[in-house]
Amino acid sequence: MLRQFLYLLLFFSTSCAIYSPHVAPPVLVEDAGDTQIDIGLTGPVALGLQTNFAVAATDNLSLQLAARFYAKENFMLDGSIGGSKNIGKRSRLGLFAGASGGSGKNKYSILYDDFEINGTSRLYYLRPQWTIHTKKVDFVLSSKFGKINQDFYYYRKETGADGDWVEYVIDEDRELSALFIEPSISIIFKNKTGRLALTSSYIINNGTDQQQGGISPFNTGLSFQYFKKRQK
């Protein structure tokens, strides 16, 4: 009974996971030489720091590299390559292929017990992207489609009768190998001094309920964006 109860707690908790969706701003570079740099925060549950760098190598090829740091021993790296094309005067369609990898270790408490989840995540994906430009605001809809692999375990530490900590392993070498969809929406506010980007994402996968302990399904990020347009 305790095991089933802990599975439910891990499934519904968004604070104990080792992976949460990527919420760095989308790639907005278009012409060769365009440069984009983002620095911001994620949260409010998975509070952390994120950075993002994108550059247009050519008019048809863009590169992106992003990193997230939540706490000690918690990090995620993400890289992608792709291109985009104008569809009308204010719209642009893009397609990117990429991969993510990292590890997480989170502790939390329930009543008098301490718990920990620890593991690694790897994702491989395609990401179509639709950008709508206006004078002061850009809107971006995108979604990752791919595969996620995780190796993780979680355990409980319980106080013994003599007051010492006694460690009880609940589950070990747990694995998740599943297909996933991770839709995102971004709003980029533009002015003369810089840009502010707000991104929210949600991940869905076809793993079993007992495999979901390593995933926090929702995440939001807010970043300040430096954008340099190529001089024509």
Passes side chain to side chain contact (heavy atoms under 4.5 Å, CB included), Y19 versus I203? Steps please.
CA-CA 10 Å; Y19 175 79; I203 185 171; 3.8 Å; yes

With sequence neighbours excluded, tell me which residues meet side-chain hydrogen bond (donor to acceptor under 3.5 Å, both in side chains) with [X].
{"X": "E30", "result": "H133"}
{"X": "D59", "result": "none"}
{"X": "S84", "result": "R92"}
{"X": "S143", "result": "none"}

Between T58 and N60, is there a donor-acceptor pair closer than 3.5 Å when you use the side chain of the first and the backbone of the second?
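Yes; at least one donor-acceptor contact below 3.5 Å.
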
Over all atoms of both residues, closest heavy-atom pair of [X] and [Y]:
{"X": "I148", "Y": "F180", "answer": "N-CD2, 3.7 Å"}
{"X": "K190", "Y": "V137", "answer": "CE-N, 3.8 Å"}
{"X": "Q50", "Y": "L222", "answer": "NE2-N, 4.4 Å"}
{"X": "N219", "Y": "P21", "answer": "ND2-O, 3.1 Å"}
{"X": "V27", "Y": "Q129", "answer": "O-NE2, 2.8 Å"}
{"X": "S201", "Y": "F218", "answer": "O-CD1, 3.3 Å"}

Answer yes or no: is there a side-chain heavy-atom contact under 4.5 Å between [X] and [Y]?
{"X": "R195", "Y": "P25", "answer": "no"}
{"X": "E182", "Y": "H22", "answer": "yes"}
{"X": "S177", "Y": "K147", "answer": "yes"}
{"X": "L123", "Y": "K144", "answer": "no"}
{"X": "L28", "Y": "V140", "answer": "yes"}
{"X": "F139", "Y": "S186", "answer": "no"}
{"X": "T220", "Y": "V23", "answer": "no"}
{"X": "N191", "Y": "K136", "answer": "no"}

[atom1] of [X] to [atom2] of [Y]: how many Å apart, nearest 0.5 Å?
{"X": "T131", "Y": "R90", "atom1": "OG1", "atom2": "CZ", "answer": "14.0 Å"}
{"X": "T42", "Y": "L49", "atom1": "OG1", "atom2": "CG", "answer": "8.0 Å"}
{"X": "L196", "Y": "D38", "atom1": "CG", "atom2": "CG", "answer": "10.0 Å"}
{"X": "I204", "Y": "N206", "atom1": "CD1", "atom2": "CG", "answer": "11.0 Å"}
{"X": "L77", "Y": "F69", "atom1": "CG", "atom2": "CZ", "answer": "6.5 Å"}
{"X": "N52", "Y": "D78", "atom1": "CG", "atom2": "CG", "answer": "8.5 Å"}

Supply the members, apart from F145, of the Ile/Leu/Val/Met/Phe/Trp/Tyr cluster built from side-chain contacts under 4.5 Å; use none for a lone residue.
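Members other than F145 - counting any ILVMFWY side chain reachable under 4.5 Å - are I181.
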
For [X], what residues pass the side chain to side chain contact (heavy atoms under 4.5 Å, CB included) criterion, not counting sequence neighbours?
{"X": "S80", "answer": "Q64, F96, Y125, R127"}
{"X": "I87", "answer": "S91, L93"}
{"X": "L95", "answer": "P128"}
{"X": "F53", "answer": "T35, I37, V55"}

Under the side chain to side chain contact (heavy atoms under 4.5 Å, CB included) rule, what do W130 and S142 come out as? Steps first, then yes or no, please.
CA-CA 6 Å; W130 180 30; S142 66; over 6 Å; no

So, using salt bridge (Lys or Arg N to Asp or Glu O under 4.0 Å) as the criterion, who are the partners of R122 when residues are at least two apart?
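Applying salt bridge (Lys or Arg N to Asp or Glu O under 4.0 Å) to R122 gives D151.
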
Does CG in L61 sit with more than 12 non-hydrogen atoms of other residues, nucleotides or ligands closer than 6.0 Å?
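Correct, the count exceeds 12.
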
Mind jotting down which residue pairs meet the salt bridge (Lys or Arg N to Asp or Glu O under 4.0 Å) criterion with at least one end in residues 95-104? Sequence neighbours excluded, please.
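Every candidate salt bridge (Lys or Arg N to Asp or Glu O under 4.0 Å) pair involving residues 95-104 fails, so no pair, neighbours aside, qualifies.
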
N149/Y124 under side chain to side chain contact (heavy atoms under 4.5 Å, CB included): CA gap, chis, key distance, verdict
CA-CA 9 Å; N149 295 314; Y124 312 93; 3.9 Å; yes

